[in-house]
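This is the structure I have questions about; it appears just below.
Starting from 1, each residue takes its place in the sequence as its number. Quick caveat: nothing in here was measured; it's all calculated off a predicted structure. Counting convention: from 1, in listed order, for ligands and their atoms alike.
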Amino acid sequence: MLDDLDGRLLIDGQLCPAEAPDIPVCDPATGEQIGVIGHATSQEIEAALASARRAFRPWAALAPKARAEHLHRLGNVIAADADAMARVMTQEQGKPVNEARGEIMKLAETCHFYAEEATRVHGETIPNDTTDFDSTVIREPIGVVAAITPWNYPAELVGWKLCGALAAGCTIVIKPAEITPFTALAIGRKCIEAGIPQGVVNIVTGPGSVVGQALVEHTGIDKIAFTGSSKVGLHIQRSATSVKRMTLELGGNCPMIVTKSADLAAAVQGAARRSFRNCGQICIAVNRIYVARTLYEDFLTALGATADGLTVANGLENPKADLGAMASAEPLNKTKEHLADALEHGARLLAGGHAPEGFEKGYFFRPTVVADCTHEMQIMTEETFGPIVGVAPFDTLDEAIAKANDTTYGLASYVFAKDADEIRYLSRALDYGNVAVNNVDAGIINAPYGGRKQSGVGYEHGREGMLEYMNFKHIRTRFEVPEGA
Ligand code: TAP
């Protein structure tokens, strides 16, 4: 599948050869080059934007049901080819094939969810101070959207923007992460197969600092939908040269609180899943865990054993592995730095802390648990984006809340507790956009998902994730009593 995506851009409905296909893409499990992508030129960026602009009015003018049919078809063609698309993702991103397949199926689900939302764009009639006026509020698509996406969930993070935007009636130019471009191009090809009109979806590849930045600064873009680091998100917010709508889905440093009433086994299972899945390269990864002192040592023993029991392997050769390769050297090095810093500051290593045996090549690391952590340590205050978690004890709920909220981030938090009063107290006090209680799936497609503080502005998922692509228009009309009435 990679061969016919190699060095391609999607412009005006065609997967066309890029003028400068000179950026290598490598398999993080082996270091081997799997293909090249284009460094989109300014002419190619202009062509993609012009095509999205031409397509906008006709796409917006379609009946919502017709847009919904396109999105349903897209979901169907993606699901039908999930195995091949998953292998593309594993080759460039490193996650095991089964996990990649799960992500592709969630992308298909996103297509169907937003297909249905497309047909439910309602307006409102608002009473005025006098009865001779009507205020009607209608919703209209914003226009041309630039979507800029990271490498950790190369299908879903494109899909939330693509489907929300298309359902609303917008057209889109996507700039995927340089290290995981082929999943986005594979989605682009599915858009062609699904018969989505030419120009509605375009994909340009290349370095974010050049190609992404060109989109941010372009006056022909009506909205930026960005997912990535808080640093780049802030830079984008500062560097836009014209007023445009922005959704910024940024970094996290997510806490989990395990109270004395918690089901210990469930808490350990949840902690292991959300700390280590996708090698911890997820914005809602559990970075740090606060455990009631009475459960602390039992929790540590069980989490250490669970981490030691997870398999790490080349995700293409072992589709069922728990962890594959990390996506690049950058998150791996940061993981090692945070571990060294924690140990220097007195943390206890309970599991992992090294690469698995027999992996000379590739970016592999064992799931790692460190105990007795404090907020002097980077692991408790910065986003690691790696398979490592810090654990600390607490004595009172207020102490746990203060520690959990002691961060500039506000994306997701987790609570394990059985006591209803504890659950209510904690879920209201945690200063996060998402609080997951007795589970670790903080984001589902049906409900709004977004961060606060330095974790971003705006929402994806749910109806809110489509309304982010719409303007409100207020139409205020004065009526008179008809003559002869
Ligand atoms: P970033 O380095 O911020 O990159 C994200 C995207 O922005 C990439 O496509 C990148 O291009 C591009 N980019 C870089 N500089 C740019 C610029 N000046 N103008 C426009 N675009 C630019 O993030 P990452 O390392 O790929 O992803 C990890 C981060 O994403 C973590 O902090 C994680 O928490 C966050 N994240 C957040 C969420 C949500 S929903 N809140 C979900 C997933 C990930 P390149 O191709 O050159 O890299």
Side-chain angles (χ1 to χ4, degrees), residues 23-25 37-40 45 92-93 103 146-161 164 173-184 203-218 221 224-241 244 246-254 277-287 326-334 382-386 407-412 432-434 442-445 448-462 465 468:
I23 303 176
V25 180
I37 50 160
H39 182 149
I45 295 170
E92 63 181 7
Q93 202 273 349
E103 186 180 337
I148 302 175
T149 55
W151 45 262
N152 60 333
Y153 283 83
E156 281 192 277
L157 292 168
V158 167
W160 301 345
K161 296 162 186 61
V173 178
I174 299 163
K175 204 303 282 177
E178 232 175 306
I179 62 172
T180 57
F182 290 121
T183 304
I203 302 176
V204 289
T205 57
S209 56
V210 182
V211 178
Q213 189 70 38
L215 295 174
V216 169
E217 292 179 12
H218 205 289
I221 293 286
I224 304 284
F226 172 79
T227 301
S229 59
S230 297
K231 187 171 158 224
V232 174
L234 179 61
H235 170 78
I236 285 176
Q237 198 175 44
R238 284 184 172 148
S239 62
T241 49
K244 38 176 81 87
M246 281 194 193
T247 310
L248 302 172
E249 299 291 348
L250 308 177
N253 176 279
C254 306
R277 195 165 167 78
N278 198 19
C279 290
Q281 302 165 125
I282 174 167
C283 51
I284 55 167
V286 171
N287 276 87
M326 297 181 73
S328 74
E330 202 187 317
L332 175 59
N333 291 338
K334 199 169 179 196
E382 291 177 26
E383 181 181 51
T384 311
F385 234 56
T407 172
T408 54
Y409 294 108
L411 187 55
Y432 289 82
N434 307 275
I444 55 161
I445 195 64
Y449 174 73
R452 42 180 82 168
K453 294 155 75 180
Q454 298 308 301
S455 290
V457 284
Y459 295 90
E460 295 194 297
H461 291 196
E468 292 279 359

**Prompt:** Quick one: does Pro176's side chain get under 4.5 Å of Thr183's, heavy atoms only?
**Reply:** no
**Message:** Tell me whether Lys161 contacts the main-chain N or O of Ile174 through its side chain, where contact means a donor paired with an acceptor under 3.5 Å.
**Reply:**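 Judged by distance alone, no pair lies under 3.5 Å.
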**Prompt:** Have Glu460 and Thr247 got a donor and an acceptor in their side chains that come within less than 3.5 Å?
**Reply:** no
Please tabulate, line by line, the atom pairs linking an N/O of ligand 1 to a protein N/O at a distance below 3.5 Å, with the distance in Å to 0.1, or answer 'none'.
unit_1   : atom_1 : unit_2 : atom_2 : d
ligand 1 : 3 (O)  : Ser229 : N      : 2.8
ligand 1 : 3 (O)  : Ser229 : OG     : 2.6
ligand 1 : 9 (O)  : Thr149 : O      : 2.8
ligand 1 : 9 (O)  : Lys175 : NZ     : 3.1
ligand 1 : 11 (O) : Lys175 : NZ     : 3.0
ligand 1 : 11 (O) : Gly208 : N      : 3.4
ligand 1 : 18 (N) : Gln213 : OE1    : 2.8
ligand 1 : 19 (N) : Gly208 : O      : 3.4
ligand 1 : 19 (N) : Gln213 : N      : 3.4
ligand 1 : 19 (N) : Gln213 : OE1    : 3.3
ligand 1 : 23 (O) : Ser229 : N      : 3.4
ligand 1 : 25 (O) : Trp151 : NE1    : 3.1
ligand 1 : 26 (O) : Trp151 : NE1    : 3.1
ligand 1 : 30 (O) : Gly228 : O      : 3.3
ligand 1 : 32 (O) : Glu383 : OE1    : 2.7
ligand 1 : 34 (O) : Glu383 : OE2    : 2.5
ligand 1 : 41 (N) : Leu250 : N      : 3.3
ligand 1 : 41 (N) : Leu250 : O      : 2.8
ligand 1 : 46 (O) : Lys175 : NZ     : 2.8
ligand 1 : 46 (O) : Glu178 : N      : 2.5
ligand 1 : 47 (O) : Glu178 : OE1    : 2.8
ligand 1 : 47 (O) : Gly208 : N      : 2.8

**Aromatic ring pairing Phe385/Trp151, orientation class (parallel under 30°, perpendicular over 60°, tilted between)** =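 Phe385 and Trp151: perpendicular rings.
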**Request:** Look only at the side chain of Thr407 and the backbone of Asn253, and say whether a donor-acceptor pair between them is shorter than 3.5 Å.
**Result:**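 It does not hold such a pair.
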**Message:** Using modelled atom types and a 3.5 Å cut-off, is there a donor and acceptor pairing between side-chain atoms of Lys334 and backbone atoms of Glu383?
**Reply:**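 At least one qualifying donor-acceptor pair exists.
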